[in-house]
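Following: one structure in structure tokens, then a few remarks.
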Amino acid sequence: MAYFSFTRNILQGKPITVYRRKNRVDLARDFTYIDDIVKGCVASLDTSGKSTGSGGKKRGAAPYRIFNLGNTSPVTVPTLVSILEKNLKKKAKKYVLEMPGNGDVPFTHANISLARRKLGYKPTTDLPTGLRKFVKWYLSYYGYDQGKPVNFK
């Protein structure tokens, strides 16, 4: 989870590594807020059917279906970093590197059409809102006060 390690490193003044494709194209991800994922998971549990039996005989649609959950709004990694910087009120020290040939995929985008159709799944939290909530939680949970850890006794 890049946003988690990025947040920690930005607050601690440590550099973060941001990868780019060989042609200087930024990587993009379909970041999804946890509440939206939980809603999708609960909806899948609420709509699951009973087991169709055993013994290899098909007795209807499989009750254990796989649904792709996501936000369907890919955002570049530099945009993610920019939103974090704004919420943390601190600039990141960035190392921008070319992604190795055996690195991660350059782009992710969830196809939620089956989840939308079967579960009524619809994500509602955009990245700026989700990151604002995340940063608020992070600072509170880890006890940061103006970028410095607070010692709780």
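None of these values were measured; they are calculated from a predicted model. The figures that follow rest on heavy atoms only: side chains count, while hydrogens, waters and symmetry mates do not.
- Follow the hydrophobic side-chain contacts under 4.5 Å out from Tyr138 and you reach Val81 in the same cluster.
- Within a 6.0 Å sphere centred on CZ of Phe4, other residues, nucleotides and ligands contribute more than 12 heavy atoms.
- Residues Tyr142 and Ile10 are members of one and the same hydrophobic cluster, defined by side-chain heavy-atom contacts under 4.5 angstrom among Ile, Leu, Val, Met, Phe, Trp and Tyr.
- Side-chain N or O atoms of Asn71 include none that pairs as donor or acceptor with a backbone N or O of Asp30 at under 3.5 Å.
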Show which side-chain atoms of residues 123-137 pair as donor or acceptor with protein atoms under 3.5 Å away, not counting sequence neighbours.
unit_1 : atom_1 : unit_2 : atom_2 : d
Thr124 : OG1    : Asp36  : OD1    : 3.3
Asp126 : OD1    : Thr129 : N      : 3.0
Asp126 : OD1    : Thr129 : OG1    : 2.6

Run the side-chain donor-acceptor check on residues 73-80: report pairs under 3.5 Å with partners two or more places apart or on a different chain.
unit_1 : atom_1 : unit_2 : atom_2 : d
Thr76  : OG1    : Thr79  : N      : 3.3
Thr76  : OG1    : Thr79  : OG1    : 2.7

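- In this structure, the side chains of Thr72 and His109 come closer than 4.5 Å at one or more pairs of heavy atoms.
- One distance of note links CZ of Arg20 with CD of Glu98; it measures 10.5 Å at 0.5 Å rounding.
- The line from OH of Tyr19 to CG of Leu27 is 10.0 Å long, rounded to the nearest 0.5 Å.
- Following chains of ILVMFWY side-chain contacts shorter than 4.5 Å, one cannot reach Phe107 starting from Val105, and the two form parts of different hydrophobic clusters.
- Residues in residues 74-88 take part in these salt bridge (charged side-chain N to carboxylate O under 4.0 Å, His left out) pairs, two or more places apart or across chains: Glu85-Lys91, Glu85-Lys94.
- Side-chain N or O atoms of Lys93 include one that pairs as donor or acceptor with a backbone N or O of Gly13 at under 3.5 Å.
- Of all non-hydrogen atoms in Thr108 and Arg29, the two that sit nearest each other are OG1-CA, 3.3 Å.
- Atom-to-atom distance recorded for Leu114:CG and Arg116:CZ is 11.5 Å, nearest 0.5 angstrom.
- Taken together through direct or relayed side-chain contacts under 4.5 Å among Ile, Leu, Val, Met, Phe, Trp and Tyr, Tyr141 and Leu139 form part of one hydrophobic cluster.
- Shown here is Arg117, whose CZ atom has more than 12 heavy atoms of other residues, nucleotides or ligands within 6.0 Å.
- Linking Ile, Leu, Val, Met, Phe, Trp and Tyr whenever their side-chain heavy atoms come within less than 4.5 Å puts Ile34 and Val42 in one cluster.
- Shortest non-hydrogen contact noted between Leu11 and Leu88 is CD2-CD2, 3.9 Å.
- Rounding to the nearest 0.5 Å gives a distance of 9.5 Å between CG of Leu119 and SG of Cys41.
- In terms of heavy atoms, Gly70 sits closest to Ile37 at N-CD1, 4.5 Å.
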